[in-house]
Amino acid sequence: MHDKQYLDMVNQWLILKQEGKGLETCLRKMGYGSIAVYGMGLYGRHVIRELQTGNVSVAYGIDRRELTPYKGITIYQPMKQLPHADVIVNTIIYDHVNVQKTLAEITDISVVSLEDIVFESYQV
């Protein structure tokens, strides 16, 4: 089930990119200039790579695992107050409710899912 959700999201993300509406464009339209990325697996790393040269900066990453920095981006575990970012982009589809709950306990930064960004941006 989750594999299909991820495949659908990646397909839509690629379509947006091909139409010149990459993540940077989508995030800027939503009013975000600085983001944190939750989930430093495959999709989180893709988000960071896509945003490396644009006008939306990645302030830091968040992951339950203790990880070394990725492409110069510090990665925090969700156990204490997090530094400032305009929004946290959650790249985890299958456990989004628990991610939201965990983050709400340590920060008041809004959380938006990568899936929602991709599908809502296609409607625009």
Side-chain angles (χ1 to χ4, degrees):
M1 172 71 170
H2 302 302
D3 290 341
K4 173 130 176 48
Q5 282 179 278
Y6 279 111
L7 181 60
D8 289 346
M9 180 189 66
V10 170
N11 179 57
Q12 203 60 51
W13 188 356
L14 183 57
I15 289 169
L16 285 171
K17 188 78 171 159
Q18 290 169 334
E19 293 178 352
K21 302 177 199 171
L23 288 181
E24 179 183 357
T25 302
C26 301
L27 290 164
R28 293 302 272 170
K29 281 185 181 177
M30 298 169 89
Y32 304 128
S34 171
I35 69 162
V37 177
Y38 186 96
M40 293 306 302
L42 181 68
Y43 302 101
R45 292 188 310 262
H46 279 302
V47 169
I48 288 172
R49 280 193 297 271
E50 182 168 332
L51 296 176
Q52 273 189 312
T53 58
N55 293 319
V56 174
S57 66
V58 178
Y60 55 91
I62 308 165
D63 199 282
R64 290 181 183 169
R65 299 168 292 162
E66 187 174 336
L67 300 171
T68 59
Y70 177 74
K71 299 225 177 251
I73 305 294
T74 301
I75 302 167
Y76 297 96
Q77 290 181 287
M79 292 187 231
K80 59 181 182 178
Q81 188 68 30
L82 297 168
H84 173 76
D86 294 336
V87 70
I88 297 171
V89 175
N90 176 18
T91 66
I92 309 294
I93 289 177
Y94 64 88
D95 198 22
H96 63 88
V97 172
N98 284 331
V99 169
Q100 187 86 15
K101 203 165 118 177
T102 297
L103 292 172
E105 293 173 3
I106 60 171
T107 186
D108 52 0
I109 299 171
S110 298
V111 179
V112 63
S113 75
L114 178 60
E115 184 180 33
D116 287 347
I117 293 168
V118 167
F119 282 102
E120 289 174 17
S121 296
Y122 190 73
Q123 307 299 324
V124 177

>> Determine whether Asp95 and Arg64 satisfy the following criterion, side chain to side chain contact (heavy atoms under 4.5 Å, CB included), listing intermediate values before the conclusion.
In response: CA-CA 12 Å; Asp95 198 22; Arg64 290 181 183 169; 3.5 Å; yes

>> Walk me through whether Arg28 and Glu24 qualify under side chain to side chain contact (heavy atoms under 4.5 Å, CB included).
In response: CA-CA 6 Å; Arg28 293 302 272 170; Glu24 179 183 357; 4.1 Å; yes

> Going through the checks in order, is the side chain to side chain contact (heavy atoms under 4.5 Å, CB included) test met by Ile75 and Tyr70?
Replying inline: CA-CA 8 Å; Ile75 302 167; Tyr70 177 74; 4.1 Å; yes

>> side chain to side chain contact (heavy atoms under 4.5 Å, CB included), that's the test. Do Leu51 and Val37 meet it? Break it down for me.
In response: CA-CA 11 Å; Leu51 296 176; Val37 177; 5.9 Å; no

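Of all heavy-atom pairs between Gly41 and Arg65, the closest is N-NH2, 4.1 Å. When all heavy atoms of Pro78 and Leu103 are compared, the pair lying nearest together is CB-CD2, 4.4 Å.
The CZ atom of Arg45 lies 14.0 Å from the CD1 atom of Ile73; values are rounded to the nearest 0.5 Å.
The backbone N or O of Ser34 lies less than 3.5 Å from a partner atom in the side chain of Asp86, making a donor-acceptor pair. Tyr76 contributes no side-chain N or O that, together with a main-chain N or O of Tyr60, makes up a donor-acceptor pair within less than 3.5 Å. Using modelled atom types, no side-chain atom of Glu66 and backbone atom of Gln77 make a donor-acceptor pair closer than 3.5 Å.
Partner of Leu114 under the side chain to side chain contact (heavy atoms under 4.5 Å, CB included) criterion, chosen from Ile93, Val10, Thr91, Asn90: Thr91.
Ring-plane geometry between Tyr6 and Tyr43 is classed as parallel, the angle between the planes falling under 30 degrees on a 0 to 90 degree scale with a further cut at 60.
Both Leu82 and Leu67 are members of a single hydrophobic cluster when ILVMFWY side chains are connected at heavy-atom separations under 4.5 Å. In the hydrophobic cluster analysis, where Ile, Leu, Val, Met, Phe, Trp and Tyr join through side-chain heavy atoms closer than 4.5 angstrom, Val118 is grouped apart from Leu14. There is a path of hydrophobic side-chain contacts, each under 4.5 Å, that joins Leu42 to Tyr94.
The shortest side-chain heavy-atom distance between Trp13 and Ile117 does not fall under the 4.5 Å cut-off. Side-chain contact between Ile88 and Thr107 is present, with heavy atoms from C-beta onward closer than 4.5 Å.
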